Protein chains: 2
Amino acid sequence: MSRPNDTRNHILLTAQHLFAHSGYAATGVAEICQAAGVSKGAFYYHFPSKQDVFLELLNRWLAGIETAMQTISQQDQPIPQIFLNLTDMLPSVVQSADGQLPMFLEYWQQASRDPLIWQAMIDPYRRFRQFFTLLVQRGVEAGDFRPMEAEAAGQVILSLAVGLLLQSLLDPQGADWPALARQSVGLVIRGWERT
Amino acid sequence: MSRPNDTRNHILLTAQHLFAHSGYAATGVAEICQAAGVSKGAFYYHFPSKQDVFLELLNRWLAGIETAMQTISQQDQPIPQIFLNLTDMLPSVVQSADGQLPMFLEYWQQASRDPLIWQAMIDPYRRFRQFFTLLVQRGVEAGDFRPMEAEAAGQVILSLAVGLLLQSLLDPQGADWPALARQSVGLVIRGWERT
DNA sequence: ATCAATAAACCGACCGGTCGGTATGTAAAG
DNA sequence: CTTTACATACCGACCGGTCGGTTTATTGAT
């Protein structure tokens with residue numbers, strides 16, 4: 001039972017909450033420390049900088065998504081069903097804890113400006129795109145989908161996911177987003193199925 | 001020729017550039033003033049606060065998109081073609097000037113946190129959704145699309161647009177985004193067309 | 001078992017600098 | 001003389017990060 005590691009994780013989780021609530025720039029290190037019940041010294045003992053905390057949060061998040069997607073895609077089910085299953089886990093994967101969905105936007109924004117964050121995000125992102133493309137290909141080969149440009153189709157699915165996530169962030173109460181996601185993906189998939 | 005109005009617009013444009021480049025939080029008022037060749041006094045003469053500048057930028061942007069979409073949708077063409085035309089103008093509409101695409105993310109992020117910004121964004125956003133839904137309905141009634149849940153379909157189109165925008169922001173060089181958008185929308189639309 | 005020695009973990013005052021915003025002054029226009 | 005359209009100087013709050021010092025845990029010799 002290592003207390004230092006507990007402190008580290010506690011800082012990480014607290015920072016995640018505050019970043020999600022107020023944004024990266026608007027959240028001060030002092031604020032994180034106070035909320036975590038830890039001194040500034042402890043913070044800088046465990047992390048070289050505020051950005052470093054953010055980076056670790058991002059890496060953990062991306063790794064979590066990747067493993068979840070891998071797990072689901074290895075189910076022995078028809079491809080269209082796998083797409084629906086992936087859609088169902090979309091909300092839960094993006095928010096590892098409650099209310100963590102805003103971090104999605106925070107990650108994206110930082111990535112589009114900070115080269116370090118960008119570098120951490122771009123490779124997993126490209127793997128996601130590749131992942132969806134491969135799923136579509138498998139679907140075409142299995143005869144579930146009609147022949148089509150798999151790369152564009154994978155792009156469509158990814159865009160759909162990203163777009164839904166972003167909208168649910170803007171207007172969480174405006175719709176039943178998990179249900180809407182399922183319906184949307186279903187509508188696209190049905191248009192692709194062999195008739 | 002009103003010089004004060006020129007100054008106002010100049011401040012607005014300069015702020016837009018800087019916000020797009022470095023983000024809202026990271027761009028200081030002093031920085032805007034210096035880049036615009038104007039004193040802080042001039043800035044606060046024309047605007048009550050930094051946030052107010054942002055808000056006006058947002059309103060202009062939304063109004064621009066709305067009129068552009070209205071114009072295109074009134075073309076006398078089959079609905080599927082109108083969707084493709086809308087897709088083609090997507091890149092140009094989102095960036096009123098060069099390099100202004102990052103403002104999209106900036107607007108979204110602020111809207112998801114600041115109630116004032118949110119209020120300015122949510123109504124136009126809902127109109128956009130309604131707009132796409134109506135287009136789909138027109139398409140179904142005209143016999144271009146097979147019967148379908150128009151609301152979900154409209155949601156799909158909007159999600160696709162938002163998702164593509166966000167991705168093009170993350171990896172501008174990673175793909176030919178206008179072409180990819182056209183291909184993606186085409187792929188979805190084709191799946192909905194009457195066969 | 002005890003205790004000195006060392007390292008790890010942590011504290012909080014403090015630093016230079018930057019922030020959004022304000023107060024005051026002023027030159028030109030009407 | 002008043003109003004408009006600015007410019008300049010300045011304010012207190014806050015920022016990320018540092019630093020000298022203190023507490024706690026671990027180790028090794030006795």
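The model shown is predicted, which means the values in this text are computed figures rather than measured ones. Note that these values count all heavy atoms, side chains included, but never hydrogens, waters or copies made by symmetry. Each chain gets a letter, A, B and so on, in the order its sequence line appears, and its residues count up from 1.
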Sequence-distant partners of [X], salt bridge (Lys or Arg N to Asp or Glu O under 4.0 Å), two or more places apart:
X: B:R126; value: A:D171
X: A:R113; value: B:E106
X: A:E193; value: none

>> Return a single string for nucleotides 16-22 of chain C, one symbol per nucleotide in 5' to 3' order, where B is base contact, S is sugar-phosphate-only contact and - is none, cutoff 4.0 angstrom on heavy atoms.
In response: ----BBB
How would you list, by chain and number, every residue that makes a side chain to side chain contact (heavy atoms under 4.5 Å, CB included) with [X], sequence neighbours excluded?
X: A:H21; value: none
X: A:R194; value: none
X: B:E151; value: B:T133
X: A:S168; value: A:L101, A:W177

> Mind checking what makes ring-ring contact (aromatic ring centres under 6.0 Å, His included) contact with B:F43, not counting sequence neighbours?
Replying inline: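 Result, ring-ring contact (aromatic ring centres under 6.0 Å, His included) vs B:F43: B:F47.
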>> Going by ring-ring contact (aromatic ring centres under 6.0 Å, His included), name the residues that satisfy it together with A:Y24, two or more places apart in sequence or in a different chain.
In response: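 A:Y24 satisfies ring-ring contact (aromatic ring centres under 6.0 Å, His included) with A:F19, A:F54 once adjacent residues are dropped.
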Does [N] have OP1 or OP2 under 4.0 Å away from a side-chain N or O of [X]?
X: A:Y45; N: C:dC10; result: no
X: A:H46; N: C:dA9; result: no
X: B:T7; N: D:dC6; result: yes

>> Does anything in residues 110-121 of chain B come within less than 4.0 Å of DNA chain D? Heavy atoms only, and list the residues if so.
In response: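 Nothing qualifies; none.
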> How about A:Q77: does its CD atom have over 12 heavy atoms from other parts shown lying under 6.0 Å from it?
Replying inline: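 Yes.
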> Looking at five pairs on each end of the helix from C:dA1-D:dT30 to C:dG30-D:dC1, what is the angle between the two axes, given to 10 degrees?
Replying inline: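 Rounded to the nearest 10 degrees, the bend comes out at 10°.
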> In whole Å, what is the span from the NE2 atom of A:H10 to the C1' atom of C:dC10?
Replying inline: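 So the two atoms are 14 Å apart, to the nearest Å.
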